[in-house]
Amino acid sequence: MRDVILTLDDLNEAVAHFAKYDEFVIDLETVGDHRGVPIANEITWVALATYGRAIVIPMGHPNGDELISKDTWRKNKQTGEREVVPAVWSDPPRQLRPSQVWKALEPLLFSPRRKIAHSATFDLGSLAKYYGGRVPPRPFGCTLVAGWLLDENRLNGLKNLVQDRYRHKYDTENVGKCVEKHAFSTVARYAYLDAKYAWLLWRTMSGDLVEQNLSRIMSLELGVTECLLDMHQTGAYVDEDRLLELEHELVIKLEEIKTRLFRAAGKVFNVNSPQQKQDVLFGPKKTGGQGLKPLKLTDGGVKKKRAKEQLTYRDYSTDAETLEAYPENEVCHILLEYAEVDKLLSTYVYGYLGRNNQPRRIFNGRIHPQFKQTGARTGRFSCSAPNLQNVPRPGTELGTKVRSLFIAPPGHKLLVADWGQIELRVLAHYLGRGALYEGFLAGVDAHTATAALVFGVAWEDVTKEMRQVAKGLNFAIVYGAGPETVASMAGIPVSEAKRIMEVHETQFPEIYEFKRSVISTVRKRPGHDLTTLLGRKRRLPEIAASQGWLRGKGERRAVNSLIQGSSADLIKLAMVRLHRAVKAADSPIRLSLTVHDELVVICPEDMVDVGSKMLQEAMIGEEIQAWLKVPLTADVVVCDRWSDAKD
DNA sequence: CGCGATCGCGCC
DNA sequence: AAAGGGCGCGATCGCG
């Protein structure tokens with residue numbers, strides 16, 4: 001019996017052992033520019049673990065165990081640039097070919113056995129490309145998700161969990177980050193321990209989840225895992241022709257803006273450097289600066305002030321809010337123009353195309369973002385490589401152009417659905433009484449209803465401005481913002497914001513009672529934790545801190561986490577429901593994106609009616625509505641480009 | 001050179 | 001009296 005599998009006989013013998021059990025761990029080592037991206041990475045090691053056995057299967061590791069010469073640098077005589085001369089290793093042992101390994105593992109991977117990984121979305125998603133895009137079927141297990149549900153505040157990396165639970169540090173060299181730079185035996189031991197420990201963790205965490213009443217939310221999350229695996233394969237379609245046109249347009253625009261900027265400033269400087277911007281804006285006129293008064297401290301500046309250190313203009317912000325305070329200053333005006341174009345060009349256009357030596361994010365006309373179900377402590381998804389949860393909205397012309405890059409493939413439409421005011425509805429559900437709650441029951445617009453009460457006018461006399469102020473107010477409640485934030489959001493004086501907030505408190509007393517009650521409940525709980533609608537926990541030890549500012553943060557987080565976290569629960573449930581319905585109907589519609597309260601679906605043109613119904617049913621059907629005392633609404637828009645789905 | 005901190009900003 | 005909650009990413013800059 002061997003742990004390191006180098007022959008077909010050994011592999012078949014090992015597979016026979018694994019086939020005796022109904023669950024196993026799988027862990028992969030990946031290489032290549034896209035090693036972190038399941039759709040595009042390359043697997044060079046597979047490790048498996050189950051009852052009584054763990055194995056590693058190398059299938060293309062380049063190194064033996066003897067390091068003959070290390071990495072060195074040399075100067076290229078022609079270009080003068082430094083080049084790396086890669087390390088030389090002894091030959092590795094003869095390994096199985098990937099095709100042999102994938103064939104032998106297929107009966108395990110595509111069986112109803114439970115496949116467990118430390119990030120099932122990553123490992124199982126990475127396998128799909130070797131099986132024609134087929135993702136292994138449920139059931140799954142995931143020690144990352146389990147660890148995160150058990151404690152969202154700790155580092156839930158495999159190494160951290162093993163160190164915490166077993167006091168064993170087996171990866172001081174960070175082997176997994178770059179396996180191809182390590183000796184064969186080093187990687188073999190590393191991969192073996194990864195799989196072995198993931199197995200041990202799964203066994204113990206499963207019990208912990210039951211004990212801590214987290215089994216139900218874990219089941220939901222494993223449904224999410226299943227859904228995310230298919231979403232990653234689907235991705236989002238991009239109009240690459242338009243993307244290249246937009247790149248051209250923005251590059252030219254940026255050059256033109258820079259020319260004007262340097263002429264207005266009277267000098268050339270690095271526009272992306274906050275330091276140089278401070279010199280230009282706040283420096284005295286005699287040294288060629290604009291001599292403007294700094295207004296707002298940076299975060300670093302606030303820290304220095306708190307520490308009672310000496311402040312200079314280097315501690316003041318050059319952000320958009322500051323620049324907008326000087327509308328008549330030409331330099332400020334042009335800097336604002338520059339910022340918008342530069343942001344869109346570098347983050348979105350260059351980001352997707354992989355300019356400046358970054359990895360390209362488009363594969364066969366599609367972007368495959370990684371939605372991370374453990375990405376946010378509240379329970380929300382985060383999204384990366386690239387982040388498609390912060391694509392500009394169709395507010396400005398350029399913003400519209402960026403969002404319009406996301407399209408339906410030929411013969412298809414996008415179905416874009418979002419919930420109306422989900423967070424306020426969750427809040428109203430928890431209140432169970434009062435104007436907000438009654439308003440939602442009566443089907444009136446929440447911001448308008450708030451404005452009517454705060455300004456003491458009839459519902460039909462609420463102006464746009466009043467509604468805007470009320471909207472800011474409602475955000476402030478959920479986020480725990482102060483009068484200054486409300487004032488700047490609504491474009492009114494701080495004194496006015498204070499007055500309005502006081503009126504708000506008299507008109508909506510139950511909201512303030514609810515907030516106080518959430519905070520005091522969390523503070524009294526031994527774990528300083530709260531539980532969301534569907535049973536997710538958030539632990540907030542800082543709510544008992546001695547420093548006032550930290551305690552305040554904990555209090556705002558408590559209120560926000562209950563609302564944001566419950567909304568996250570609901571969209572996860574909606575996604576699982578949609579995924580389940582699609583599978584049951586063997587429907588060709590595919591979930592593409594999830595953006596907190598919005599789902600984007602790809603649907604064949606001739607099925608948009610049934611597709612829209614399925615989507616709507618997934619988001620506001622009985623099983624969802626049963627969780628809330630107030631009704632939910634979901635709008636579905638059928639369109640060709642994401643930008644066409646405006647509110 | 002790589003890394004982390006900082007600033008700034010896109011979204012809900 | 002005063003307090004924005006949650007993310008990811010690009011560019012710069014200082015450090016080892």
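Heavy-atom basis, side chains included; hydrogens, waters and symmetry copies ignored. A quick note: this is a predicted structure, and the numbers were derived from the prediction, not measured. Proteins get letters first, then strands, A, B, ... in listed order; numbering begins at 1 in each.
Residue A/I563 contributes atom CD1, which lies 18 Å from atom P of B/dC12 at whole-angstrom precision. Counting to the nearest Å, the C1' atom of C/dC7 and the CD atom of A/E598 are 16 Å from each other.
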How does protein contact run along nucleotides 9-16 of chain C, one letter per nucleotide 5' to 3', with B for base contact, S for sugar-phosphate only, - for none, heavy atoms under 4.0 Å? SSSSSS--
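Under the ring-ring contact (aromatic ring centres under 6.0 Å, His included) criterion, A/F371 pairs with no residue, sequence neighbours left out. With sequence neighbours excluded, the residues satisfying ring-ring contact (aromatic ring centres under 6.0 Å, His included) with A/Y479 are A/F475.
The side-chain hydrogen bond (donor to acceptor under 3.5 Å, both in side chains) analysis of residues 484-497 of chain A, with sequence neighbours excluded, yields the pairs A/E496-A/R499. Listed by first and then second residue, the ring-ring contact (aromatic ring centres under 6.0 Å, His included) pairs involving residues 332-356 of chain A are A/Y352-A/F406 (not counting sequence neighbours).
Residue A/S382 places none of its side-chain N or O atoms closer than 4.0 Å to OP1 or OP2 of C/dG6. Phosphate proximity of C/dG4 to A/K515: absent, as no side-chain N or O sits under 4.0 Å from OP1 or OP2.
Remark: A/E152 does not engage A/K537 in a salt bridge, criterion side-chain N to carboxylate O under 4.0 Å.
Between the side chain of A/R425 and the backbone N or O of A/G420, at least one donor-acceptor pair lies under 3.5 Å.
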Could you walk me through whether A/H504 and A/Y512 pass the ring pair (Phe, Tyr, Trp, His ring centres under 6.0 Å) test, one step at a time? CA-CA 10 Å; A/H504 186 270; A/Y512 297 83; 5.7 Å; yes
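For A/E484, taking side-chain heavy atoms from C-beta onward, the closest of the listed nucleotides B/dC12, C/dA3, B/dC9 is C/dA3.
Against DNA chain C, the stretch residues 551-561 of chain A makes heavy-atom approaches under 4.0 Å through A/K553, A/R556, A/R557, A/N560.
A cation-pi arrangement is absent between A/K293 and A/Y316, since the terminal nitrogen or guanidinium carbon is not both under 6.0 Å from the aromatic centre and inside a 45° cone about the axis.
The aromatic ring of A/Y479 does not sit over the base of C/dG4; the criterion of centres under 5.5 Å apart with planes under 30° is not met.
A distance of about 16 Å separates the C1' atoms of B/dC9 and C/dG4, rounded to the whole Å.
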